[in-house]
Peer 1: 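Sharing a structure below in structure tokens format, with a few things to ask.
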Amino acid sequence: MFAAVEQRDKPSLRGKPVIVGGVAGRGVVSTASYEARAFGAHSAMPMAQARRLCPPNTAYLSPRFPAYQRTSAVVMELLAGVSPLVEQVSIDEAFVDLAATDHDLSVAGITALSRRLKADIAAATGGVTGSIGAASSKLLAKIGSDLNKPDGLTVVAPGDELTTLHPMPVRRLGGVGPATEQRLHRARVRTVGELAAVPLEDLVDWFGTAHGHGLFRLARADDPRPVVSSRETKSVSAEETFDIDVTDPARLIHELDLLSARVAARLRRSGLTGRTVNIKVRHPDFTTVTRALTRDQPTDDGELIAAQARRLLAEIPTYGGIRLLGVGVSTLYDFAQDDLFTAAGEDPPTLDFPDDPTPFPPADSSTSPGLSAALATSPSAPAPSSGSASSPETSFSSGPSSVAPPALSGASLAAGPSSLATSSAAVRVWRPGQDVRHDEHGTGWVHGSGIGRVTVRFEGPNTPIGRVRTFFVDDPHLQAADPPDWVIPSSESEADRGPE
DNA sequence: TCTGGGGTCCTAGGACCC
DNA sequence: TCTGGGGTCCTAGGACCC
């Protein structure tokens, strides 16, 4: 599709090999025009290899996503005119549920409708053609649309599904990629028909429950997947492959910050926040590792994301250089954090420490022996347009009590003044050994801590051995009197090592 | 001049909880 | 002393798709 748009917009490219993709450095081919495919170029091929294969008159172009997006929107608009139930799969693919309409669903009727639609698409896009597959399921419709590219039209009549499907190579099935294909080939299974002869137990054995059952059904054209108009976003990420492997740690941190900012901006644009920060590192030998950390509160704040990402990166050896760096956020929530809870009529799950009449030590940092910092902020309305609805980091010291908690202050500084000023929550610091609770079990001390949570170790007349419980910032047990259910640590547990 | 970028889903193990 | 069962959440990695 990218190549078709380029050839539409630049007549001189028509009839010539066109390759769209990363044209420099370590780029790969996004799309090869049919003229370029004749020389062996194809999607996902390293650009360097495509250059070796294609003749000198080949055009190598960087993608112009806005142009493709405009063309895509024109097509999607036409599809919406055909049926209210359209599932856009990508920038250039969609499923249309014709059963959600009152169209004539006979083969003749669908063929006529498809012809009209193809003509409308070509006219509305200025000559970009599309291929249509029509069938009784997504599986067959998709396979049909691939059959006579470009500008193809395939209608699989009801009843013809198996005769269409079974001669095809297994690779044609959605969900069968290089790994599954290889595995099947080793088992002498090359066609869908051969796949249909494999017992379910074998498929589950080879590919696991989900994939095994999926293959078993697809091989029988048993595909009840409905057309769904919209799906919620599960993650937002950004990554970059460097032209030359990066070794300089300062440069890596800088890149991490840039990626975090990009992710945060896209989260805000979509009205999303997320709790899990992921990083991805690809080494020069192409091995790829990921690290993730789930926060207690969702955020869309680039500084906060970057702070987490830096901690995660610190776990990974980078002295050999880094080929690719990525940052992502998942465990998403639909609204900015403040909206999330006020809209639901619930209290925000953070403690409002300044007003909190807890049995804790006094919230006076100058007199409380254990409290090393208490940054209170005035409750105020969320900033109207800043998007920084995230709360400041609520963190706990885990370092030696003689030192100001470094991770802590780093995190709260990273939250930035504007973020602090717009939040109704406070940052509170606990130090190991700090006395935080007294009850019938004895006296509880901060034993360990992490972002958003703290473990308290109890000892006293009723608890001869140390008992440990983890509290979260929003845990009512931290302030309420109702008896929590105690966790009795085993002897190996860190709980018995006691406060430092 | 070897191998992009943005996603989804699944699995497996461990921690934790009741 | 020889250790359940079911559930959820989290993390890491892999396959796959466009």
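To find a chain, count down the sequence lines: A is the first, B the second, and so on, and within it residues start at 1.
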Peer 1: With distance as the sole criterion, is a donor-acceptor pair present between the side chains of A:Glu161 and A:Ser137 under 3.5 Å?
Peer 2: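 Side-chain D/A pair, A:Glu161 to A:Ser137: absent.
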
Peer 1: Report the distance from atom CG of A:Asp245 to atom C1' of B:dT3, rounded to the nearest whole Å.
Peer 2: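 Atom-to-atom, A:Asp245 to B:dT3, this comes out as 13 Å.
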
Peer 1: For the side chain of A:Pro46, starting at C-beta, report the closest nucleotide among B:dG4, B:dG5, B:dT3.
Peer 2: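 Taking heavy atoms from C-beta onward, the closest nucleotide is B:dT3.
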
Peer 1: Output yes when at least one side-chain N/O atom of A:Arg52 is less than 4.0 Å from OP1 or OP2 of B:dC2, else no.
Peer 2: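 Answer no for this pair, as no side-chain N or O of A:Arg52 is under 4.0 Å from OP1 or OP2.
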
Peer 1: Under the rule for salt bridge (charged side-chain N to carboxylate O under 4.0 Å, His left out), what residues qualify as partners of A:Arg231, not counting sequence neighbours?
Peer 2: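 Partners of A:Arg231 under the salt bridge (charged side-chain N to carboxylate O under 4.0 Å, His left out) test: A:Glu87.
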
Peer 1: Looking at B:dC2, I'd like to know if its phosphate oxygens (OP1 or OP2) sit under 4.0 Å from a side-chain N or O belonging to A:Arg323.
Peer 2: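 No.
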
Peer 1: Considering residues at least two apart in sequence or located in another chain, which fulfil the salt bridge (charged side-chain N to carboxylate O under 4.0 Å, His left out) criterion with A:Asp146?
Peer 2: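 For A:Asp146, the residues satisfying salt bridge (charged side-chain N to carboxylate O under 4.0 Å, His left out) (neighbours in sequence not counted) are A:Lys142, A:Lys149.
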
Peer 1: For residues 66-82 of chain A, which residue pairs qualify under salt bridge (Lys or Arg N to Asp or Glu O under 4.0 Å), counting only residues two or more places apart or in two chains?
Peer 2: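 Sorted pair list comes back empty.
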
Peer 1: Give a yes or no on whether a salt bridge exists between A:Arg26 and A:Asp245, defined as a side-chain N under 4.0 angstrom from a carboxylate O.
Peer 2: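 Yes, A:Arg26 and A:Asp245 are salt-bridged.
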
Peer 1: Between C:dC10, B:dT1, B:dG6, which nucleotide gets closest to the side-chain atoms of A:Arg266?
Peer 2: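 Between C:dC10, B:dT1, B:dG6, the one nearest the side chain of A:Arg266 would be B:dG6.
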
Peer 1: Measure from the side-chain heavy atoms of A:Ala44 and tell me the nearest of C:dC10, C:dT11, B:dG4.
Peer 2: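 The answer is B:dG4.
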
Peer 1: Hey, does the side chain of A:Ser83 reach the backbone of A:Asp97 with a donor-acceptor pair shorter than 3.5 angstrom?
Peer 2: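 Checked: pair present.
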
Peer 1: Where does B:dT3 land, syn or anti, given syn is within 90° of 0?
Peer 2: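 Anti conformation here, the glycosidic angle of B:dT3 being more than 90° from 0.
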
Peer 1: Rounding to the closest angstrom, what is the interatomic distance between C:dC16 and B:dG4 at atom C1'?
Peer 2: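 It works out to 16 Å between them.
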
Peer 1: When the distance from CD1 of A:Ile279 to P of C:dT11 is rounded to whole Å, what number comes out?
Peer 2: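 After rounding, the reported distance stands at 13 Å.
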
Peer 1: Taking atom P of B:dC10 as reference, at what distance in whole Å does atom CZ of A:Phe207 sit?
Peer 2: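 It works out to 16 Å between those atoms.
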
Peer 1: When you get a sec, tell me which of C:dC10, B:dG6, B:dT3 is the closest nucleotide to the side chain of A:Arg275?
Peer 2: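 Output: C:dC10.
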
Peer 1: Between B:dG6, B:dT3, B:dG5, which nucleotide has the shortest distance from any of its atoms to the side chain of A:Ser237?
Peer 2: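 Of the options given, the side chain of A:Ser237 lies nearest B:dG6.
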
Peer 1: Using the six-membered ring of A:Phe95, assess whether NZ or CZ of A:Arg225 lies under 6.0 Å from its centre and within 45 degrees of the ring axis.
Peer 2: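 Not flagged: A:Arg225 not positioned over aromatic ring of A:Phe95.
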
Peer 1: Given A:Glu239, which partner from the list A:Lys280, A:Arg323, A:Arg282 fulfils the salt bridge (Lys or Arg N to Asp or Glu O under 4.0 Å) test?
Peer 2: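 So the option named by the test is A:Lys280.
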
Peer 1: Once salt bridge (Lys or Arg N to Asp or Glu O under 4.0 Å) is applied, what residue pairs with a partner in residues 183-207 of chain A remain, sequence neighbours excluded?
Peer 2: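 The answer is none; no pair qualifies.
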
Peer 1: Without decimals, in angstroms, what is the distance between A:Met47 CE and B:dG4 C1'?
Peer 2: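 After rounding, the reported distance stands at 10 Å.
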
Peer 1: In whole angstroms, how far is the P atom of B:dG6 from the CG atom of A:Leu325?
Peer 2: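 In whole Å, B:dG6 P and A:Leu325 CG are 12 Å from each other.
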
Peer 1: Are A:Asn278 and A:Thr290 linked by a side-chain donor-acceptor pair shorter than 3.5 Å?
Peer 2: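 No donor-acceptor contact under 3.5 Å links the two side chains.
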
Peer 1: Could you label the plane-to-plane angle of the A:Phe65 and A:Phe2 rings as parallel, tilted or perpendicular, counting under 30° as parallel and over 60° as perpendicular?
Peer 2: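 Ring orientation, 0 to 90° scale: perpendicular.
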
Peer 1: In whole angstrom, give the distance that lies between atom CZ of A:Phe242 and atom C1' of B:dG5.
Peer 2: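 For the pair A:Phe242 CZ and B:dG5 C1', the rounded distance is 14 Å.
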
Peer 1: Would you say A:Arg231 places a side-chain N or O within less than 4.0 Å of OP1 or OP2 belonging to B:dG7?
Peer 2: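 False: A:Arg231 side-chain N/O out of range (4.0 Å or more) of B:dG7 OP1/OP2.
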
Peer 1: Between A:Ile244 (CD1) and B:dC2 (C1'), how many Å, whole number?
Peer 2: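 Distance, rounded to whole Å: 16 Å.
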
Peer 1: What string of B, S and - do you get for nucleotides 12-18 of chain C 5' to 3' if you count protein non-hydrogen atoms under 4.0 Å?
Peer 2: SS-SSSS

Peer 1: Using Watson-Crick or G-U wobble pairs with both distances under 3.5 Å, give me DNA chain C in dot-bracket, 5' to 3', with [ ] for crossers and | for pairs to another strand.
Peer 2: ....||||||||||||||

Peer 1: Tell me whether the side-chain N/O atoms of A:Thr241 come closer than 4.0 Å to OP1 or OP2 in B:dG5.
Peer 2: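 Yes, within the criterion.
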
Peer 1: B:dG6, OP1 or OP2 - any side-chain N/O from A:Arg262 closer than 4.0 Å?
Peer 2: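 Answer yes for this pair, as a side-chain N or O of A:Arg262 is under 4.0 Å from OP1 or OP2.
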
Peer 1: Between atom NZ in A:Lys234 and atom P in B:dC10, what is the gap in whole Å?
Peer 2: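 Answer to the nearest Å: 9 Å.
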
Peer 1: Considering every strand and a 4.0 Å limit on heavy-atom distances, what is the contact class for A:Arg183: base, sugar-phosphate, or nothing?
Peer 2: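 Touches nothing.
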
Peer 1: Name the residue closer to the 5' end of DNA chain B, choosing between A:Val23 and A:Ala238 according to the nucleotide with the nearest heavy atom.
Peer 2: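 The 5'-side residue here is A:Val23.
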
Peer 1: Could you check C:dC2 for me: syn (within 90° of 0) or anti?
Peer 2: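 Anti, angle beyond 90° from zero.
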
Peer 1: Students often get this wrong, so: under 4.0 angstrom with heavy atoms, is A:Val236 touching a base, only sugar-phosphate, or nothing?
Peer 2: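 Since only primed, P, OP1 and OP2 atoms lie under 4.0 Å of A:Val236, the category is sugar-phosphate.
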
Peer 1: Under 4.0 Å, heavy atoms only, any strand: does A:Ser43 hit a base, just the sugar-phosphate, or nothing?
Peer 2: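 No contact.
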
Peer 1: Among C:dC10, B:dG7, B:dT3, which nucleotide sits nearest the side chain of A:Ser235?
Peer 2: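 Nearest to the side chain of A:Ser235 among the choices is B:dG7.
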
Peer 1: Take A:Leu324 and A:Ala24, find for each the nucleotide of DNA chain B with the closest heavy atom, and name the residue whose nucleotide sits nearer the 5' end.
Peer 2: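 Per heavy-atom nearest nucleotide, the more 5' residue is A:Ala24.
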
